[in-house]
Amino acid sequence: MAAIELRNIVKVFSDKRRGRDLLTLDNINLDIETNDFVCLLGPSGCGKSTLLNIIAGFEQATSGRTLVGGKQVEQPGSDRGVVFQQPTLMPWLTAIDNIAFHLKLKGVAKAERHHRAMEFIDLVGLRGFEHHHPSEMSGGMNQRVGIARALLMNPSVILMDEPFAALDAQTKLEMQEELVAIWQKRRCTIVFVTHSVDEALVLGNKIVVMTKRPGRIREAVNFDLPRPRDITSPEFNDAKRRILSLIREESTRLAQAS
Ligand SMILES: Nc1ncnc2c1ncn2[C@@H]1O[C@H](COP(=O)(O)OP(=O)(O)OP(=O)(O)O)[C@@H](O)[C@H]1O
């Protein structure tokens with residue numbers, strides 16, 4: 001059984017202002033295996049976030065079935081941790097209290113919350129900053145808090161929506177390396193949305209290329225280049241050419257169709 005099974009997913013948004021329906025996802029079928037690091041790659045507006053939100057349970061598909069761990073997704077759950085582009089932290093809470101927030105909601109005592117959160121503070125490299133507030137930390141550090149918060153509930157699946165898009169180039173590279181290290185250590189399943197071919201190839205062992213609206217799966221490419229990946233190696237560049245040619249074919253198809 002795959003960790004995530006998407007069966008004939010269709011999503012139509014109704015655009016009330018213009019009085020029409022918008023077909024956003026068109027018959028998405030995809031199996032994501034346990035421990036996969038899948039990157040959803042596609043142009044702006046192709047429905048990557050919508051698909052992630054359907055897996056997260058924030059959004060309902062118009063038709064089709066979404067299964068996580070064999071169970072139909074109907075709402076958000078602690079089996080799925082979500083990391084957004086902005087970490088959406090509570091500004092009045094320290095890093096450790098943000099990370100342990102879900103435990104507080106579950107009534108876990110403070111000493112136990114902090115004990116459990118420290119493991120994740122260490123994992124994301126924030127020891128020494130656990131009592132800092134979001135305003136006292138950089139964007140990258142706040143994103144680390146967001147990742148630690150998502151990991152704390154020990155979800156089987158981590159869903160990430162362009163989590164490094166707002167970071168500078170150097171911090172982005174560091175965070176990508178750290179995320180791969182965390183994934184290797186914890187062996188979780190990650191679905192990562194990006195529109196960067198390089199980012200998808202640095203991170204993923206499967207790259208799912210989506211078409212422009214309505215979003216369909218153009219191709220799911222397995223990419224098992226050993227890590228750490230050398231982005232200047234011939235193998236990396238071969239894969240990049242292949243992905244870029246898939247994207248170009250798609251643009252040509254659209255240009256001819258219009
Ligand atoms: N709640 C909503 N109501 C109506 N339309 C929506 C809603 N959410 C998304 N859409 C539309 O669905 C389409 C896909 O949006 P989505 O955010 O999933 O794309 P994306 O591929 O993640 O884009 P980006 O890379 O720019 O974030 C867009 O045309 C968007 O306007």
Side-chain angles (χ1 to χ4, degrees), residues 4 6-30 32 36-66 68 73-76 80-88 139 143 146-147 150 157-169 172 175-176 179 189-204 206-221 240 243-244 246-251 253-255 257-258:
I4 303 172
L6 301 173
R7 297 279 174 268
N8 309 104
I9 298 290
V10 172
K11 179 67 186 179
V12 179
F13 282 113
S14 76
D15 183 346
K16 293 202 176 73
R17 189 172 290 176
R18 290 166 199 84
R20 61 179 188 196
D21 287 343
L22 183 74
L23 177 61
T24 298
L25 295 172
D26 188 13
N27 201 31
I28 302 283
N29 282 290
L30 183 67
I32 296 175
D36 261 353
F37 195 141
V38 171
C39 290
L40 292 181
L41 178 68
S44 184
C46 75
K48 304 179 292 297
S49 299
T50 303
L51 190 57
L52 203 79
N53 286 338
I54 288 172
I55 302 171
F58 298 143
E59 198 78 72
Q60 295 295 314
T62 308
S63 62
R65 281 172 19 108
T66 306
V68 173
V73 169
E74 264 144 24
Q75 56 188 13
R80 286 149 286 147
V82 186
V83 182
F84 301 99
Q85 185 173 342
Q86 299 297 337
T88 61
Q143 199 50 285
I147 293 170
V157 170
I158 315 275
L159 305 168
M160 308 183 93
D161 195 352
E162 301 198 52
F164 307 146
L167 303 178
D168 64 83
K172 188 182 289 193
M175 297 288 290
Q176 288 169 346
L179 180 61
T189 307
I190 298 184
V191 185
F192 188 106
V193 164
T194 181
H195 51 244
S196 158
V197 176
D198 279 331
E199 184 164 63
L201 288 168
V202 165
L203 296 175
K206 190 184 265 182
I207 322 284
V208 175
V209 182
M210 292 179 65
T211 63
K212 206 165 174 160
R213 204 168 56 218
R216 300 189 183 105
I217 292 181
R218 173 69 183 76
E219 198 163 320
V221 179
K240 187 168 171 177
I243 301 283
L244 285 172
L246 285 173
I247 294 169
R248 269 194 218 106
E249 272 172 32
E250 175 61 19
S251 310
R253 188 186 64 75
L254 283 171
S258 63

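Residue numbers run from 1 in the order of the sequence given. Note that the coordinates shown come from a computational prediction; the quantities given were computed from them, not determined experimentally. In listed order, ligands and their atoms are each counted from 1.
Remark: minimum distance from atom 27 (O) of ligand 1 to any protein heavy atom is reached at Glu162 OE2, 3.8 Å. Counting only heavy atoms of the protein, atom 26 (O) of ligand 1 lies nearest to Ser44 OG, 2.5 Å. In terms of protein heavy-atom proximity, atom 19 (O) of ligand 1 is nearest to Gly47 N, 3.3 Å. From the protein, the heavy atom lying nearest to atom 17 (O) of ligand 1 is Ser49 CB, 3.7 Å. Nearest protein neighbour of atom 6 (C) of ligand 1, counting heavy atoms only, is Phe13 CD1, 3.4 Å. For atom 25 (O) of ligand 1, the nearest protein heavy atom (residue, atom name, distance) is Lys48 NZ, 2.8 Å.
For ligand 1, the atoms closer than 4.0 angstrom to any heavy atom of Leu22 are 11 (C), 29 (O). Listed by atom number, the atoms of ligand 1 under 4.0 Å from Pro43 heavy atoms are 21 (O).
Distances from atom 13 (C) of ligand 1 to the heavy atoms of Thr24, Asp161, Val12, Leu41 show the closest one on Thr24. Nearest residue to atom 18 (O) of ligand 1 from Leu52, Leu25, Thr50 is Thr50 (criterion: closest heavy atom).
With a 4.5 Å cut-off on side-chain heavy atoms, Ile55 and Leu6 count as touching. Proximity of Asp161 to Gln85: side-chain heavy atoms (C-beta onward) are nowhere separated by under 4.5 Å. Within the 4.5 Å cutoff, the side chain of Leu25 has heavy atoms near those of the Met210 side chain. Looking at heavy atoms from C-beta onward, Val83 lies in side-chain contact with Gln143 at the 4.5 angstrom threshold. Side-chain contact check for Leu22 versus Arg213: some heavy-atom pair is nearer than 4.5 Å. The side-chain heavy atoms of Val221 and Leu246, taken from C-beta on, include a pair separated by under 4.5 Å. Residues Asn27 and Ile9 have side chains not in contact (no heavy-atom distance under 4.5 Å, counting atoms from C-beta outward). Contact annotation: the side chain of Ile217 never approaches that of Asn29 to less than 4.5 Å [non-hydrogen atoms, C-beta and beyond].
Ligand 1 has no atom lying under 4.0 Å from any heavy atom of Gly42. Taking 4.0 Å as the cut-off, Glu59 does not count as a neighbour of ligand 1 on heavy-atom distance. Not a single heavy atom of Ser14 sits less than 4.0 Å from an atom of ligand 1.
In this structure, atom 23 (O) of ligand 1 is in close contact with the protein, since a protein heavy atom lies within 4.0 Å of it. Atom 30 (C) of ligand 1 is never approached by the protein to below 4.0 angstrom, counting heavy atoms only.
With values rounded to the nearest 0.5 angstrom, Lys206 atom NZ is found 7.0 Å from Ile32 atom CD1.
Ring geometry for Phe164 versus Phe192: interplanar angle of 30 to 60°, hence tilted.
Distances between N or O atoms of Cys46 and those of ligand 1 include at least one value under 3.5 Å.
In plain terms, the two heavy atoms of Pro76 and Gly57 that are nearest each other are CD-O, 3.3 Å.
Residue Asp15 does not touch ligand 1, judged by heavy-atom distances below 4.0 Å.
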